[in-house]
A.B. asks: 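Dropping a structure here in structure tokens format, bear with me for questions.
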Number of protein chains: 2
Amino acid sequence: MGLNIRKQQVLEAIVESHIITAEPVSSRSVARKYRLGVSPATIRNEMSDLEELGLIEQPHTSAGRIPSQPGYRYYVDRLMKKRFLTPREEKIVHAIFARKAKALANIIQCTINTVTQLTDYLVMLSGPQLENAALRKIKALPLTPKKALVVIMTETGWVESKMVDLPSGMTEADLAHIEDVLNTYFRGLTFPQISRTILHSVYDELIKQRLVLDRIMEIVEAVLQENTDTAVYLGGVHNILKQPEYSDIVKVRNLMSFIEEDAILRAILNKTGPEEVTVRIGREINYDPAAGYSVVSAVYSIRGNAVGTIGLLGPMRMDYARAVAVIEYITDILSEVLSKDAFF
Amino acid sequence: MGLNIRKQQVLEAIVESHIITAEPVSSRSVARKYRLGVSPATIRNEMSDLEELGLIEQPHTSAGRIPSQPGYRYYVDRLMKKRFLTPREEKIVHAIFARKAKALANIIQCTINTVTQLTDYLVMLSGPQLENAALRKIKALPLTPKKALVVIMTETGWVESKMVDLPSGMTEADLAHIEDVLNTYFRGLTFPQISRTILHSVYDELIKQRLVLDRIMEIVEAVLQENTDTAVYLGGVHNILKQPEYSDIVKVRNLMSFIEEDAILRAILNKTGPEEVTVRIGREINYDPAAGYSVVSAVYSIRGNAVGTIGLLGPMRMDYARAVAVIEYITDILSEVLSKDAFF
DNA sequence: GATTAGCACTCTTATCAAATGAGTGCTAAG
DNA sequence: CTTAGCACTCATTTGATAAGAGTGCTAATC
């Protein structure tokens with residue numbers, strides 16, 4: 001779509017004005033506020049063309065124009081200027097993250113709070129996932145005669161622990177043996193790589209300790225499970241209600257009913273691409289009830305391994321330049337903090 | 001307040017009708033639907049008296065009556081009939097909880113989902129707290145030369161673990177020694193009981209291992225902290241938006257902005273009394289922005305020790321009989337499941 | 001040929017008055 | 001003590017009108 005300069009300027013004006021006001025944009029206001037040196041009538045002609053091209057649309061005959069989904073897309077891809085946080089904001093964010101190492105849960109909550117303050121959108125964050133992380137070590141530590149603590153460490157530095165019941169008659173030596181075997185077979189593998197074949201060999205070798213082994217494998221699976229099914233953390237629900245489009249209760253209900261479904265949010269976040277920041281507009285989200293929304297999201301990582309996603313959900317009319325700036329900055333910092341804090 | 005039988009019947013009719021319809025109740029509809037064998041005019045006289053007593057009120061001159069806060073209170077304390085879940089519902093709940101032992105996070109999420117389905121209110125659940133639990137055992141397990149895993153077990157069966165950095169030159173024997181000393185001093189104490197005095201004795205005894213000890217105490221404190229500041233889990237936000245009172249966006253915003261504040265929800269839940277189920281109506285919640293709501297909540301426990309709270313928040317007009325029945329049943333089941341699942 | 005002023009036309013929103021109707025309070029009769 | 005009857009109040013609905021915003025088109029202008 002090779003738009004001439006002026007058409008681009010008009011489209012840009014319409015998008016940016018609509019982002020600010022949430023109202024349809026009239027030819028007159030474009031001419032007045034964005035000083036293109038032409039009269040409203042000329043703008044009207046350009047608008048007419050843009051509408052023909054499907055980039056803007058008219059809610060009704062006697063209203064101004066609003067950007068269409070392709071219009072926003074065009075804006076995001078070609079017209080939007082890269083923006084940054086103010087030094088002041090950057091300093092605030094840094095200060096929040098600079099405090100001494102925190103528990104994972106704290107870091108997550110902290111991140112959400114920060115982003116909630118920086119934008120007026122809904123913040124979604126999927127927690128670190130072990131899926132791609134290689135196992136570093138498994139330990140089975142006897143605590144009481146009938147209980148042991150299974151500790152699983154990954155290369156990315158996460159440590160998970162769980163209790164297992166021990167069958168009676170099991171000695172510490174047995175446990176140590178199991179530990180050895182597991183480490184030999186599993187070290188360096190990622191969870192998905194621990195295939196049936198490998199499990200079989202392990203079972204063969206440890207045929208005598210079948211009972212405990214079953215329990216331990218249950219644990220390993222549970223840990224894996226918990227981390228792929230990892231919850232999506234939310235923040236800023238009240239934020240999004242500030243947006244004028246949500247003075248309509250029906251829309252709020254629609255929004256609420258799908259943001260309460262963990263599975264849906266996870267699906268939305270998981271489609272985040274590998275690029276620095278992914279912007280999905282309206283139907284591009286590929287989930288009907290979210291058709292009226294947009295999502296700006298990015299992946300954060302621990303020493304290069306993508307482990308989780310953070311995203312903003314807002315109306316299609318969201319301030320993309322701002323959202324992209326915030327998400328970009330936060331994922332950078334978050335990745336940095338997590339990498340530094342890792343446990344080895 | 002000794003109301004005669006008929007006044008009680010009228011009040012009951014008004015409360016129950018208003019709970020169902022959310023509309024002011026007219027004398028005519030009371031006479032018609034609740035067959036008291038008297039005419040609307042008589043009901044009107046009774047209503048007039050009830051209004052004088054402050055139990056009901058009129059939104060405006062030509063409207064029916066709605067219960068006032070004291071009116072609901074009177075209803076809850078004296079008129080409301082105890083209700084139970086249907087056998088069908090009980091079976092469903094049981095089925096959900098019957099599955100094999102789950103991770104704590106799953107139990108919580110599971111409980112919330114269940115209650116969300118059973119009612120039309122907002123579900124709040126504060127996770128198990130260690131605060132009142134006595135320490136059973138502390139273990140410091142060397143994992144790598146520079147890291148150890150500190151495991152803290154309580155009498156209620158919870159196990160928490162955290163990594164600590166070891167100062168260089170620290171041997172396994174040193175660690176074992178620290179472990180011994182901590183166990184000697186701390187076993188059987190609850191977290192709040194680990195006072196400064198006790199800490200001092202420990203420090204004296206372990207003066208040489210000051211560095212690690214500092215880290216370990218940090219951990220103990222962090223675990224304590226995390227568990228008193230324990231998050232409040234929410235569910236059913238979309239539920240509450242079904243209530244007709246929340247077709248007003250302003251009310252929704254007010255609600256959202258305070259339910260997103262963990263601290264506030266915690267404060268509300270924490271005021272739950274020791275009785276089987278606590279009902280707080282409107283201003284009784286003692287938090288101004290929640291004055292228009294009611295909370296039905298109860299404490300759940302692990303083998304007799306109260307560890308957390310579950311509550312429903314709804315409009316003052318909420319179906320108290322139903323809410324009480326649900327909360328009572330769920331806390332019973334939850335306590336049972338948690339007690340059975342505990343780790344010793 | 002591109003730009004613009006001018007004007008008719010469309011559609012939404014605001015406003016107001018009148019009509020409607022639900023519900024009460026009071027009075028007087030049963 | 002109860003109740004029928006009626007006047008009165010107040011919120012809500014309805015319809016009609018006016019006001020306003022914005023466009024599209026045409027014809028004049030640069």
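Basis for what follows: all heavy atoms, side chains included, without hydrogens, waters or symmetry-related copies. Throughout, a chain's letter reflects where its sequence line sits, starting with A, and its residues are numbered from 1.
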A.B. asks: Do A/S126 side-chain atoms and A/T309 backbone N/O form a donor-acceptor pair below 3.5 Å?
C.D. replies: yes

A.B. asks: For C/dT3, does either OP1 or OP2 sit under 4.0 Å from a side-chain N or O belonging to A/S39?
C.D. replies: no

A.B. asks: Which residue lies toward the 5' end of DNA chain D, B/E46 or A/E51, if each is placed at its nearest nucleotide?
C.D. replies: B/E46

A.B. asks: Could you list by number each residue of residues 15-34 of chain A showing a heavy-atom separation from DNA chain C of less than 4.0 Å, or answer none if no residue does?
C.D. replies: none

A.B. asks: Starting from C1' on C/dG25, measure out to CG on B/D49 and report it in whole angstrom.
C.D. replies: 13 Å

A.B. asks: Please name all residues satisfying side chain to side chain contact (heavy atoms under 4.5 Å, CB included) with B/S17, sequence neighbours left out, ordered by chain then number.
C.D. replies: B/T21, B/V25, B/K33, B/Y34

A.B. asks: Could you write out each protein N or O paired with an N or O of nucleotides 25-30 of chain D at a distance under 3.5 Å?
C.D. replies:
none

A.B. asks: Taking the side chain of B/Q58 as heavy atoms from C-beta outward, which of C/dG25, D/dG24, D/dA11 is closest to it?
C.D. replies: C/dG25

A.B. asks: In whole Å, I'd like the distance from the CD1 atom of B/I43 to the P atom of D/dT3.
C.D. replies: 9 Å

A.B. asks: Any side-chain N or O of A/S62 less than 4.0 Å from the OP1 or OP2 oxygen of C/dC11?
C.D. replies: no

A.B. asks: Using whole Å, what does the distance between atom C1' of nucleotide C/dG25 and atom CE of B/M47 come to?
C.D. replies: 13 Å

A.B. asks: How many whole angstroms separate atom CD of B/E52 from atom C1' of C/dG25?
C.D. replies: 13 Å

A.B. asks: Tell me yes or no: between the side chains of A/S294 and A/R317, is some donor less than 3.5 Å from an acceptor?
C.D. replies: no

A.B. asks: Going by atom types alone, do A/K251 and A/N254 pair a side-chain donor with an acceptor below 3.5 Å?
C.D. replies: no

A.B. asks: Starting at CD1 of A/I14 and ending at C1' of D/dG22, how long is that distance when rounded to a whole Å?
C.D. replies: 13 Å

A.B. asks: Just wondering, more than 12 heavy atoms not from B/K91 lying within 6.0 Å of its NZ?
C.D. replies: no

A.B. asks: A/V38 side chain: which of D/dG24, C/dT4, C/dT10 is closest?
C.D. replies: C/dT4

A.B. asks: Would you call A/E328 and A/R83 a salt bridge, taking side-chain N to carboxylate O under 4.0 Å as the test?
C.D. replies: no

A.B. asks: Does D/dT2 have its OP1 or OP2 closer than 4.0 Å to a side-chain nitrogen or oxygen of B/T42?
C.D. replies: no

A.B. asks: Can you check the A/H60 NE2 to D/dG24 P distance for me, whole Å?
C.D. replies: 13 Å

A.B. asks: Have B/Y121 and B/Q243 got a donor and an acceptor in their side chains that come within less than 3.5 Å?
C.D. replies: no

A.B. asks: Between A/R280 and A/S297, do the side chains contain a donor N or O and an acceptor N or O under 3.5 Å apart?
C.D. replies: yes

A.B. asks: Take B/E57 and B/R65 through the salt bridge (charged side-chain N to carboxylate O under 4.0 Å, His left out) test and state the conclusion after the steps.
C.D. replies: CA-CA 5 Å; B/E57 52 199 24; B/R65 305 302 213 290; over 6 Å; no

